[in-house]
Amino acid sequence: MTTRYDEDARNVLGGELASCSMQPLTGFFRNGCCETGPHDTGIHTVCAVMTAPFLEYSKSVGNDLSTPRPELGFDGLKPGDRWCLCAPRWKEALDAGAAPMLVLDATHEETLAIVTLGVLKDYAVKA
């Protein structure tokens, strides 16, 4: 069961924010949701589906998400995992041609301050 930080959080489509992933457990608040709040300076609002090219890109720019860090309780991500990315990082990957697909109903509306809905829809995972 997900403990929400903000019960009223909305997704980029205007609906209730869905959970992104419980396994691996993601989100700034580690509650499975791409919620944000005043202390989330990275804006962890994009529910992305990891790909090998994105993981390689992220590592190349100093954010290694694939290497396990047991001391932090982090097993490392692999292609297919869902993870709450920082909206500016997703936009950076987009500009570099390495943006992963995303889950719109689990992507927080705050993302729209960084990327337009039209662009997000172009990268949406099809149901």
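Using modelled atom types, one side-chain atom of N11 and one backbone atom of E16 make a donor-acceptor pair closer than 3.5 Å. Using a distance-only test at 3.5 Å, with no hydrogens or angles considered, a donor-acceptor pair links the side chain of S19 to the main chain of G32. T107 places a side-chain N or O within 3.5 Å of a backbone atom of C47 that can act as its donor or acceptor partner.
Sorted by first and then second residue, the salt bridge (Lys or Arg N to Asp or Glu O under 4.0 Å) pairs involving residues 85-105 (not counting sequence neighbours) are R89-E92, K91-D95.
Contact between M50 and W83 at its shortest, heavy atoms only, is CE-CB, 3.9 Å. Taking each heavy atom of E35 and H108 in turn, the nearest pair found is CA-CD2, 4.0 Å. Of all heavy-atom pairs between G42 and P88, the closest is O-CD, 3.6 Å. Of all non-hydrogen atoms in K121 and K126, the two that sit nearest each other are O-NZ, 3.9 Å.
Atom CZ of R30 sits in a crowded spot, with more than 12 heavy atoms from other residues, nucleotides or ligands closer than 6.0 Å. More than 12 heavy atoms of other residues, nucleotides or ligands shown are found within 6.0 angstrom of CG on D122.
Between the side chains of T45 and T111, at least one donor N or O sits under 3.5 Å from an acceptor N or O.
Under the 2.5 Å cut-off for SG-SG separation, C33 and C20 do not qualify: their sulfur atoms lie farther apart than that.
Contact annotation: the side chain of L77 approaches that of P24 to within less than 4.5 Å [non-hydrogen atoms, C-beta and beyond].
Taking CD1 of I43 as the start and CD of E110 as the end, the distance is 7.5 Å to the nearest 0.5 Å. Taking CG of D75 as the start and OG of S66 as the end, the distance is 12.5 Å to the nearest 0.5 Å. One distance of note links NZ of K78 with CG of L65; it measures 13.5 Å at 0.5 Å rounding. For the atom pair CE (M101) and CG (L120), the distance works out to 11.0 Å, reported to the nearest 0.5 Å. Residue D81 holds its CG atom at 9.5 Å from OG1 of T26, rounded to the nearest 0.5 Å. To the nearest 0.5 Å, the span separating SG on C34 from CZ on R82 amounts to 10.0 Å.
By the rule that hydrophobic residues join a cluster once side-chain heavy atoms approach within less than 4.5 Å of another member, L17 and I114 end up as members of separate clusters.
Residues satisfying the ring-ring contact (aromatic ring centres under 6.0 Å, His included) test with H44, not counting sequence neighbours, are F28.
Among V49, L55, L85, the single residue meeting the side chain to side chain contact (heavy atoms under 4.5 Å, CB included) criterion with P100 is L85.
Here W90 and Y57 keep their ring centres 6.0 angstrom or further from each other.
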